[in-house]
Amino acid sequence: MTTHKFGLIGGGVMGEALLSRLVARSIYHSSEVIVSEPQPTRQKFLAHQYNVAVTGDNRVVFSQTTEVICLAVKPQVFSAIAQELADVVDKGHSPLVISVLAGVTLSKLEAAFPQLPVIRAMPNTPATIGAGMTAIAPGAYTHSKHLETARQLFSAVGEVVEVPESLMDAVTGLSGSGPAYVALMVEALADGGVAAGLPRAIAYQLALQTVLGTAQLLHETKLHPAELKDRVTSPGGTTITGIAQLERSGFRSALIEAVKAATIRSQELGK
Ligand SMILES: NC(=O)C1=CN([C@@H]2O[C@H](COP(=O)(O)OP(=O)(O)OC[C@H]3O[C@@H](n4cnc5c(N)ncnc54)[C@H](OP(=O)(O)O)[C@@H]3O)[C@@H](O)[C@H]2O)C=CC1
Ligand SMILES: O=C(O)[C@@H]1CCC=N1
């Protein structure tokens, strides 16, 4: 029987982000990967782009994968997939199952994959360029070698941290969803620049590089964000005037509430 080391169920945004990097970094060779996707056009694209095996049948991916099966479908289709795989999971075949699904708990995953090693993971889209942030939580049947495999895999797409499962919804609300919050901020900063008279292209360049540069500065110097804010803020100057307006508009509160709301939504998706 044909076998593959890495099987991906769901080759959408997150699945492709992981796949592209794992193949580019030679964590898995293209010939060692199989992906299942419902749409023939998407299958063709993935096969052409990454030279991997593709199928429309999730059961084929499960049966033919020896090492790691990554579930990257929407949480809403998880139950259907669990049912579909039910008669192929219990065949003495024990790959490591890694789920990146928001909300779906280890207990649900372990009910679908009885006694298999399962890891719940939450990556984010900067994984595409190797700048991802992934949290992982091990299930009841995982051993250190499985955690090591997951660490190696997600290290290829960025930073990795291990957390207890009870924190995975909060991780989802912060770093899982976070790239969208930051993208919104870049867009809004550019809009502010346009409102203040800058040409759009220049406003966008200034906004993006300001966010990127500030993140790099915080990362490299380990400065506390409050200290960096103090360094930018001249007495009676422009920055404190801008910050006062941000506070009046509830900027910090908006971000705090966004993470909390997304965390609650992640919990709901797991029910
Ligand atoms: N996007 C992100 O930033 C992040 C997403 N996640 C998680 O990753 C998972 C996927 O999200 P995302 O990539 O954004 O979503 P996408 O919709 O882009 O990807 C899901 C893929 O699964 C395919 N699919 C649908 N039904 C099935 C099925 N029955 N069998 C196999 N494949 C199927 C979809 O095909 P089709 O389009 O034809 O339906 C699609 O290509 C979610 O659970 C999400 O919580 C985690 C971290 C970050
Ligand atoms: O929006 C979502 O539900 C997924 C999970 C984290 C990022 N995207």
Side-chain angles (χ1 to χ4, degrees), residues 7-22 33-47 49-50 52-65 69-86 88-89 97-106 108-109 112 118-129 131-137 150 153-154 157-161 163 167-184 258-271:
L8 176 65
I9 296 184
V13 172
M14 201 61 232
E16 187 186 354
L18 296 172
L19 171 69
S20 62
R21 197 76 188 166
L22 292 176
V33 177
I34 181 164
V35 182
S36 58
E37 253 296 315
Q39 284 188 43
T41 48
R42 185 73 183 159
Q43 285 176 23
K44 270 193 203 124
F45 166 79
L46 294 168
Q49 188 76 13
Y50 303 106
V52 294
V54 290
T55 172
D57 189 345
N58 297 324
R59 294 151 51 92
V60 169
V61 171
F62 189 88
S63 311
Q64 293 189 0
T65 301
I69 293 174
C70 181
L71 290 179
V73 294
K74 296 280 191 214
Q76 291 86 347
V77 299
F78 173 70
S79 301
I81 287 180
Q83 274 182 11
E84 192 187 336
L85 295 178
V88 286
V89 289
V97 177
I98 298 180
S99 163
V100 301
L101 277 57
V104 177
T105 58
L106 281 168
K108 278 201 165 184
L109 291 162
V118 173
I119 288 178
R120 181 174 165 190
M122 181 46 55
N124 63 10
T125 43
T128 316
I129 56 154
M133 181 68 243
T134 306
I136 53 176
L153 204 145
F154 288 111
V157 301
E159 293 186 19
V160 185
V161 66
V163 299
L167 299 182
M168 285 300 278
D169 294 310
V171 165
T172 306
L174 203 178
S175 56
S177 298
Y181 312 155
V182 177
L184 217 67
V259 174
K260 283 166 61 184
T263 301
I264 290 167
R265 182 63 189 140
S266 178
Q267 289 162 352
E268 287 168 0
L269 285 171
K271 287 189 180 137

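Values below: all heavy atoms of this structure, side chains included; hydrogens, waters and symmetry mates excluded. Counting starts at 1 for both ligands and their atoms, following the listed order.
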Among protein heavy atoms, which lies nearest [atom], and at what distance?
{"atom": "atom 23 (C) of ligand 1", "value": "E37 OE2, 3.3 Å"}
{"atom": "atom 18 (O) of ligand 1", "value": "V13 N, 2.9 Å"}
{"atom": "atom 8 (N) of ligand 2", "value": "G176 O, 4.5 Å"}
{"atom": "atom 17 (O) of ligand 1", "value": "K74 CE, 3.3 Å"}
{"atom": "atom 25 (C) of ligand 1", "value": "P38 CG, 3.9 Å"}
{"atom": "atom 13 (O) of ligand 1", "value": "M14 N, 2.8 Å"}
{"atom": "atom 6 (N) of ligand 1", "value": "V100 O, 3.7 Å"}
{"atom": "atom 19 (O) of ligand 1", "value": "G12 CA, 3.2 Å"}
{"atom": "atom 1 (O) of ligand 2", "value": "S177 OG, 4.6 Å"}
{"atom": "atom 22 (O) of ligand 1", "value": "G10 CA, 3.5 Å"}

Where ligand 1 meets M122 - atom numbers and elements under 4.0 angstrom, heavy-atom basis: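 The list of qualifying atoms is 46 (C), 47 (C).
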Mark up the atoms of ligand 1 that fall under 4.0 Å of a heavy atom belonging to A102, in ascending order.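 Under 4.0 Å from A102, ligand 1 has these atoms: 43 (O), 45 (O).
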Look up atom NZ in K271 and atom NZ in K108, then write down how far apart they are to the nearest 0.5 Å.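 Rounded to the nearest 0.5 Å, the NZ-NZ separation comes to 10.0 Å.
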Approximate separation, where rounding is to 0.5 Å, of T65 OG1 and I9 CD1: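 Reported value, rounded in 0.5 Å steps: 7.5 Å.
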If we only count heavy atoms from C-beta on, is the [X] to [Y] side-chain gap below 4.5 Å?
{"X": "V54", "Y": "K44", "answer": "no"}
{"X": "S99", "Y": "V118", "answer": "no"}
{"X": "L18", "Y": "L8", "answer": "no"}

For atom CD of Q49, decide whether the heavy atoms of other residues, nucleotides or ligands shown that lie under 6.0 angstrom number more than 12.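 Yes, because the 6.0 Å sphere around CD of Q49 holds more than 12 heavy atoms from other groups.
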Residue pair I136, F154: steps toward the side-chain contact (heavy atoms from CB on, under 4.5 Å) verdict: CA-CA 9 Å; I136 53 176; F154 288 111; 3.9 Å; yes
What part of A72, side chain, backbone, both or neither, has a heavy atom within less than 4.0 angstrom of ligand 1?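 Under 4.0 Å from ligand 1, A72 contributes backbone atoms alone.
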Can you check whether [Y]'s main-chain N or O pairs, donor with acceptor, with [X]'s side chain at less than 3.5 Å?
{"X": "T263", "Y": "V259", "value": "yes"}
{"X": "Q43", "Y": "E37", "value": "yes"}
{"X": "S63", "Y": "V60", "value": "no"}

Heavy-atom nearest option to atom 42 (C) of ligand 1, drawn from I81, L101, V73: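 Nearest heavy atom to atom 42 (C) of ligand 1 lies in V73.
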Please indicate whether any nitrogen or oxygen in [X] is less than 3.5 Å from any nitrogen or oxygen in ligand 1.
{"X": "N58", "value": "yes"}
{"X": "G15", "value": "no"}
{"X": "N124", "value": "no"}
{"X": "V77", "value": "no"}
{"X": "Q39", "value": "yes"}

For P75 and A102, work out which heavy atoms get closest and say how close.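 It is CG-O, 3.4 Å.
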Under 4.0 Å from atom 4 (C) of ligand 2, can you find at least one protein heavy atom?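 No, there is none.
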Less than 4.0 Å is my threshold; does some heavy atom of A80 fall inside it relative to ligand 1?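 Distance cut 4.0 Å: A80 fails for ligand 1.
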Audit row: T172, L269, side-chain contact (heavy atoms from CB on, under 4.5 Å) steps and yes/no: CA-CA 11 Å; T172 306; L269 285 171; over 6 Å; no
Could you walk me through whether S175 and N124 pass side chain to side chain donor-acceptor pair (under 3.5 Å), step by step? CA-CA 7 Å; S175 56; N124 63 10; 5.0 Å; no
